[in-house]
Every structure is written in C-alpha cells, then in structure tokens.
Number of protein chains: 2
Amino acid sequence: MNDGDKGAGPSARSKRADARRNQETLLDAAASVFVASGVEAPVRDIAAKAGVGVGTIYRHFPTRADLIIAVYRHQVEACAEAGPALLASSATPHAALGQWINLFVDFLVTKHGLAAVLRSDNTSFDTLHSYFIDRLLPVCTQLLDAAAGAGEIRPGLKAYELMRGVGNLCIGAEHDPGYDARRLVALLVEGLRQPR
Amino acid sequence: MNDGDKGAGPSARSKRADARRNQETLLDAAASVFVASGVEAPVRDIAAKAGVGVGTIYRHFPTRADLIIAVYRHQVEACAEAGPALLASSATPHAALGQWINLFVDFLVTKHGLAAVLRSDNTSFDTLHSYFIDRLLPVCTQLLDAAAGAGEIRPGLKAYELMRGVGNLCIGAEHDPGYDARRLVALLVEGLRQPR
DNA sequence: TTGTCAAGCGGAACAACGTTCCGTATCTTT
DNA sequence: AAAGATACGGAACGTTGTTCCGCTTGACAA
C-alpha cells in the first residue's frame, strides 16, 4: 500500500520510458479536465487534453474508476490519516467525528460530480465505491465507536450508513448555489447526538 | 392546472382515437417498465413493451422527463395534498413535518432510480426537477414555517434545502440492503429540532 | 551503430443510449 | 369514397464508454 499497484498498475518501476511519461501526463490531464468539466467528463476529452489516443488511457487505467482513483488517491489517503489525528487532538469524540466528516464533505464537494459517480448504478464504478469504503470506512467506524463509547451519540447507526448518507448529501452541491451540503451534513451529525 | 397540459399535451379531449389509446398504453407500459427496470430504463424498452415505435413515445412525451411526470403525477399530487391534512391532524407541526417527509421518502424509495434522476445533471431532466419543486416546495415551506413558528425547530433552513437533502438521502436506497434511507432522513429531521 | 521485437500507441470500429426525421399508414371528415 | 390531416414506425444521427489491431518506437544485444 506504499507505492502504487491498485489503480494504475506498476507506477514507478519497470516498463518503457514513454509509457511512464504518458501515465504522468494522463494523470495531470485528467485532474485538469476533472476540475474543468467534472469527473464524468468524456474519456475522449481527457485523451485530447493529454494529447494521446483513447487506447492509451485504457492501457494505463483499465476502467474510468481506476483513473479517478489514481487522481484522488493522495487526498483520500490524507483524509483517512486525519481520522486518528483528529480523535487525538479534539475535545470529544463527537467533535472529532464532526471535523472528520467536514474534511470528507469538503473533499467531495470540491470534486465536481465525484459524489454522484460514487452512487452511479453503472457497475464500472463499483471499484471506485469499493476503494472509498475500503479506505475510509474503518476510519469512520473508529470515530463512531469512540463517540458511541463516550455516550455522546445514539447507538445503532452503522458507519457505512453514515458515510453513504453524507456522500449522498454532497451530490450536486457544486451546481446549486441554493443548496449547502455542509449545512445539511451538520444537521445530520447533530441529529446523531444523544438526547442526553 | 386542473386537467393536463404540462407533461403530456392535451390528455383527454381532441385528437385521434388511436393516439389517445396509444398514450394510455404508453403510460401503462412505462409504469410497468419503471417498476421492473427503474426510471432510467431505455426508451426502446418502453416502446417495445407498449408495442409501438420510439417515435410514438416522443410524439406524446417530448422528453423522458415528461413521461416520468405523467406516470407519477397522481402520486405527487397526493403527496402534495397530504401536507395541509397532516398539519391539521397532527399533534405538533414538527410531527406533521416528519410524517409528511416520511410520505415523500416512501414515494421516492419505492420508485427505482427516481431520486437519482432527480439529481442527474442531464439537462433534459430539469423539467422533472422543476415539477417536483413547483408542486411540493410550497407544501414543505408551509410545514416548515409552521414548525418554525411554533419554535420547535431551529430557523434558517430553507425548505428547498430540506427537500434536496431528503431527496439526496434516498438515492440508491433501493439497491443497498445495508442502507436505510428512512433512518438517515429521520436523523436529519431530528437534527432540525430546536435544542431545547 | 544497427537490427530486432516486445511494448506501447492511435484512432477506427463497435455497442448502447437519447433523440430526430420522414415516408407510410390510418383515422376523420366531407 | 376520396381527400387531407394526423399519427406511426423505425432507420438514422450524435454522443457516450470500451475494444481491437496494424503501425510505431524504445530498449537492448550484437
């Protein structure tokens, strides 16, 4: 889990030099297109931006999901690592949970269309969904358990449900000035609180 | 606004007999396919089920959104009308709001893919979104204002945000046994409550 | 330096979708 | 019964994701 083998195949070692260069170029182009047109931008647009053929994309990233994972891996990693840190530095577990969820929401809301694609019923995005779950669910579980253990929240809500709910609330937030996903999420987290 | 001119053109009077018959057949076929395959089922499937060509669908329903609206109009109407009734019959406005939202959630969750399509960035679904907003937002506003007036909920949340949030929470609920949209929505409504 | 060849590349080609178009069939009216 | 308006079917178009294959090119041995 240190280097890279999930989304992009061997990323540093081995293989031809031009291939490695192209992979780099593709990641940059994809990141740039994702910002400009959202995560659901046509593959052809990314290929054009990178100056390569579509075949090259599929050589490096067997599916769109793998490309998206590769582009955002660092940020997801950072989010995952922030969990334990917040738990250590915050006043209460519930506060840590709230702050961590804010991180998660900020991440989703600033990546146009990512939350939506996470919930797409297109099966080719299953691996994207799985990646998020695999990486972030344990972190969320830890925070949730801590808060539950401290008696701050009502028990019984699974971390999976919370994450799905939060992710859902972020869908489309970037296109709609009249909708503040952060506020809704805050309300949800508030509703989680133990009446006392 | 009494009869029908929004989604389906003139629905009862005028025009040829076979056209009227086809429109009926189409609504039945669409309803049936929506149940079986979800709201995003291919237009060709609906045409096949109805035994007509795709052109016929577009003659009657200029866009997919219009077809969806026509299929669900009755239920949306019922939901809208339930608002004031609940307000009159419930113990408190907040209770009425909660029950009304439950109705809305039940409606969305049982229509495969409807919540998702409501949030699709495909512009051809804008009119579907608008229809829901036009018809249900005033009802939600009334309930929300009543609850706010009674001091039961913290003020400042727009009805639009609430509806969007609830709609979002319902996305994908039908495919995922591990996710209970109703529970999340209940948590959200709970979070809305005035702290004291 | 040059020859060889697997690795990699570009983009044509395919399938699935929403939507449009128009020649043909059918209903309605006179 | 004939004429005209109306509606129908489905081929055709544009846009997607994805696959495939002939050609190019980098790497390495001689």
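Each chain gets a letter, A, B and so on, in the order the sequences are listed, and its residues count up from 1. Computed from heavy atoms alone, side chains included, the values below leave out hydrogens, waters and symmetry copies.
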In terms of the nearest nucleotide of DNA chain C, which residue is placed more toward the 5' end: B/Arg21 or A/Ala19? A/Ala19
May I ask you to say what B/Ala47 touches in the nucleic acid, namely base, sugar-phosphate or nothing, with a heavy-atom cut-off under 4.0 Å? nothing
Rounded to whole Å, how long is the line connecting atom CD1 of B/Ile46 with atom C1' of D/dG10? 17 Å
Let me have a per-nucleotide readout for nucleotides 10-18 of chain C, 5' to 3', with B, S or -, counting only protein heavy atoms under 4.0 Å. BBBB---SB
Could you give the CG-to-P distance, from A/Asp18 to C/dA7, as a whole number of Å? 13 Å
If I compare all heavy atoms of B/Ala82 with all of B/Trp100, which pair ends up nearest, and what's the gap? C-CD1, 4.3 Å
Whole angstrom is fine here: how far is it from CZ in B/Arg16 over to P in D/dG4? 16 Å
For the residue pair B/Phe104 and B/Phe132, does the interplanar ring angle fall in the parallel (under 30°), tilted (30 to 60°) or perpendicular (over 60°) class? tilted
Nucleotide D/dG17, atom C1' - distance to CG of A/Asp66 in whole Å: 14 Å
So among A/Thr141, A/Leu143, A/Leu144, A/Leu137, which one has a side chain to side chain contact (heavy atoms under 4.5 Å, CB included) with A/Leu162? A/Leu144
Using whole Å, report how far CG of B/Leu26 lies from P of D/dC8. 9 Å
D/dC8 OP1/OP2 closer than 4.0 Å to side-chain N/O of B/His60: yes
Which heavy atom of B/Val109 sits nearest a heavy atom of B/Arg182, and at what distance? CG1-NH2, 3.6 Å
Minimum-distance pair of heavy atoms, taken over all atoms of A/Pro138 and A/Ile133: CD-O, 3.6 Å
Over how many whole Å does the gap from B/Lys15 atom NZ to D/dC8 atom P extend? 12 Å
Are more than 12 heavy atoms from other residues, nucleotides or ligands located less than 6.0 Å from atom NZ of B/Lys49? no
